[in-house]
Structures are given as C-alpha cells and as structure tokens.
Amino acid sequence: MARLLRWRRHGRRLGIALVFVVAGTGLWQFQERQYRDEYTWMGVPGQESLKLTSLHRVFRNAGYLVGWSDVRVGSLWVSYQLNAVEDSDIGSRPSFRSDWRTLWPVKTSSYAKSGYDRGHLAPNYAIAAVHGREAQVDTFFMSNMLPQTPALNRQLWQRLEEAVMDHFAPRFERLQVISGPVYPEHFMDNVFNRVGLVEVPRAFYKIIVAPDASPAKALAFIMPQDVEGDEPLDDYLVNIDEVEDKTGLDFFPDLPDKRAQQLEGQVDLRGWALDDVANKPGRFQ
DNA sequence: TTTTATGT
C-alpha cells in the first residue's frame, strides 16, 4: 500500500515535469519562429538537397541570423534587414570575439599572418546604423567572419556594402540581404585550404531583395577572391538560381513557385539605378 | 575611416 502511494507521488511529479517540458518546448519554438519571421523574408535559407556540405544550424544574434556549418567551419549564410536611417553615426569599432557556439574553436588570432582579412558577412556599419549597438557588437563574432583577400574585403566588397546601405536602402522601404561564401565544386579540392580551421571560400555572394516593391525585386552578386578591387559592380551580377546552384542552398523557401521563378530566374535591373554606383570608388585605397 | 593588419 505504501509502495503504491509512493508511485502515485512519483507519477504526479513526472506529470508536472512533462507539462514543463512540453510547454517549454512550445514556447521555445514559438519564440524561434517569431525571431525568424522578424529577421527574414519568405523563410530562412534551407538546404536544396541533403548534403553534408550544406548542413548548418541557425544562430540568433541581435540584428541578424547566421547559418553556421561545422563542416566548412564557417557560416554558409547571414540574413538581415535594412532600412534607410536619418542618423548615420555609429559607435566605436568593437573588438573581435570568438563564438562559443561553434563546435570548432575559431579564435580572434586565428587569421594572423595568413594574408587574409577577417571579412564581415553581416557588415559592421549597416547593422550598427539600423539595429543599434548590441547588434553592432554581435557582428564582431568570429562566426560572422570569413577569410577574404584584402582587395576584396577593403575595396570591391566594401563598395558593394556601401551601395546597399547608401544607395539601395533609401530607394525602398526595407531590404532583405543574404550574404555568404561560395566554395569550389568538389569538397576534397579545397578541404586543406584553411585559415586555422576555417575553410577559405572561392567567392562570396550577396542577395538583395526589396520585398515591398510590387512585385518584389532582387539583385544578386558573386564576387571572387582574386579581384583588383576597382572593377565595376555590375561585372558580378548573377541571378539567384545561380547562387543556389553554387551553394546548395534554397533561399526563399516560402515563396510560391511561380513568384520564385520570376524573382530568382532572371537579372532584372529595373528600379535599382545600379549605374549610379557601379563605378563609385572605394573609401580605402 | 562604413575595411583591415601590423607594430609599438
């Protein structure tokens, strides 16, 4: 009889624990969903097919989301929204920080003497100007860095980021931007090409969407590591399908097929006035 | 310095 009572008590405790687990999981999923909706348009990037090299997990940061790969030891994508701002002053440049969420350690000193820059994926300036100080500090996580040649990072890529914030953002209500690396087609060809543990990309893509234009508009670029830096931006235009082919990612999974075909299958320059900025010189040269 | 590394 005593044993039966004890079991009942156990049962009740288990039941209460179970309620907490179920409710907690539900709450976590709800928050995760809310966060993703707030930071993305038409869903977070997914895998086009089940390949180890496009497998990733999502990190939430202030101001942007990250798709981190423990296979590449690098982020496959970052995603954030931008809008034009009145006050363009930002706080002082934060320090680089390693990110405890990465399985393999990437230290702030990991890139030293490699010849590569610690190139931001989610940019310091634009994120700081739009999303504030906490977000700015979060852009200095090493999980937001990839090895970039100085000519790309400080010149061509910087010019593109400046065009996005200073030229494209004021033209539309908001922008959805997704950036990340492009690796060689065969994993084994590049597997030892690393800075510390971080695999060195062959190129970088940036997708810029104006979601509130009707219909939505998109621009996409792929820029290789070996540039001079002063090339016209429009030399690197591609459509989103090409970025998906080269990364194995599916970028706007919630977009209906017909609209996806239209948005992702062509290079449509109307409305961007890219010519105004394509040859604008960089700030650092 | 809307990007960094390097050297002090």
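Everything quoted here is computed from the prediction, not taken from an experiment. Order of the sequence lines fixes the chain letters, A, B, ..., with proteins taken first and strands second; residue numbering starts at 1 for each chain.
Atom C1' of nucleotide B:dT2 and atom CG of A:D89 are separated by 12 Å, given to the nearest angstrom. In this entry the distance linking CD of A:Q158 with C1' of B:dA5 reads 17 Å, nearest Å.
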For residues 227-238 of chain A, please give each side-chain donor-acceptor pair under 3.5 Å, one per line with the distance, not counting sequence neighbours.
unit_1, atom_1, unit_2, atom_2, d
A:E231, OE1, A:G229, N, 2.8
A:E231, OE2, A:E228, N, 2.7

Could you list the donor-acceptor pairs under 3.5 angstrom formed by side chains in residues 203-210 of chain A, with sequence neighbours left out?
unit_1, atom_1, unit_2, atom_2, d
A:Y205, OH, A:L76, O, 2.8
A:K206, NZ, A:S179, OG, 2.9

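The other members of the hydrophobic cluster of A:M188, by chain and number, are A:L52, A:L55, A:V71, A:F187, A:V191, A:F192 (side-chain heavy atoms under 4.5 Å, ILVMFWY only). Taking Ile, Leu, Val, Met, Phe, Trp and Tyr as members and joining any whose side-chain heavy atoms lie under 4.5 Å apart, directly or through other members, A:V21 forms no hydrophobic cluster with any other residue. The hydrophobic cluster analysis finds A:V19 isolated: no Ile, Leu, Val, Met, Phe, Trp or Tyr side chain comes under 4.5 Å of it, directly or through other members.
Looking at residues 128-157 of chain A, you'll see A:N153, A:R154 sit with a heavy atom under 4.0 Å from some atom of DNA chain B. Contacts between residues 226-238 of chain A and DNA chain B, defined by a heavy-atom separation under 4.0 Å, are absent.
Between A:R283 and B:dT3 there is no side-chain polar atom (N or O) within less than 4.0 angstrom of OP1 or OP2.
By the 6.0 Å and 45° rule, A:R101 stacks over the aromatic ring of A:F59.
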Can you name the atoms? Protein N/O to nucleotides 6-8 of chain B N/O, anything below 3.5 Å, with the distance.
none

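At a cut-off of 3.5 angstrom, the base of B:dT2 holds at least one donor-acceptor pair with the side chain of A:D166.
With sequence neighbours left out, A:A112 forms a side-chain contact (heavy atoms from CB on, under 4.5 Å) with no residue at all. In terms of the salt bridge (charged side-chain N to carboxylate O under 4.0 Å, His left out) criterion, A:D254 has no residue partners (sequence neighbours excluded). Considering only residues two or more places apart in sequence or on other chains, A:D212 meets the side-chain hydrogen bond (donor to acceptor under 3.5 Å, both in side chains) condition with A:R174. Residues satisfying the salt bridge (charged side-chain N to carboxylate O under 4.0 Å, His left out) test with A:E264, not counting sequence neighbours, are none.
Out of B:dT2, B:dT1, B:dA5, the shortest distance to the side chain of A:F284 is found at B:dT1.
Relative ring orientation between A:H120 and A:F140 is described as perpendicular, the plane-to-plane angle rising above 60° on a 0-90° scale split at 30° and 60°.
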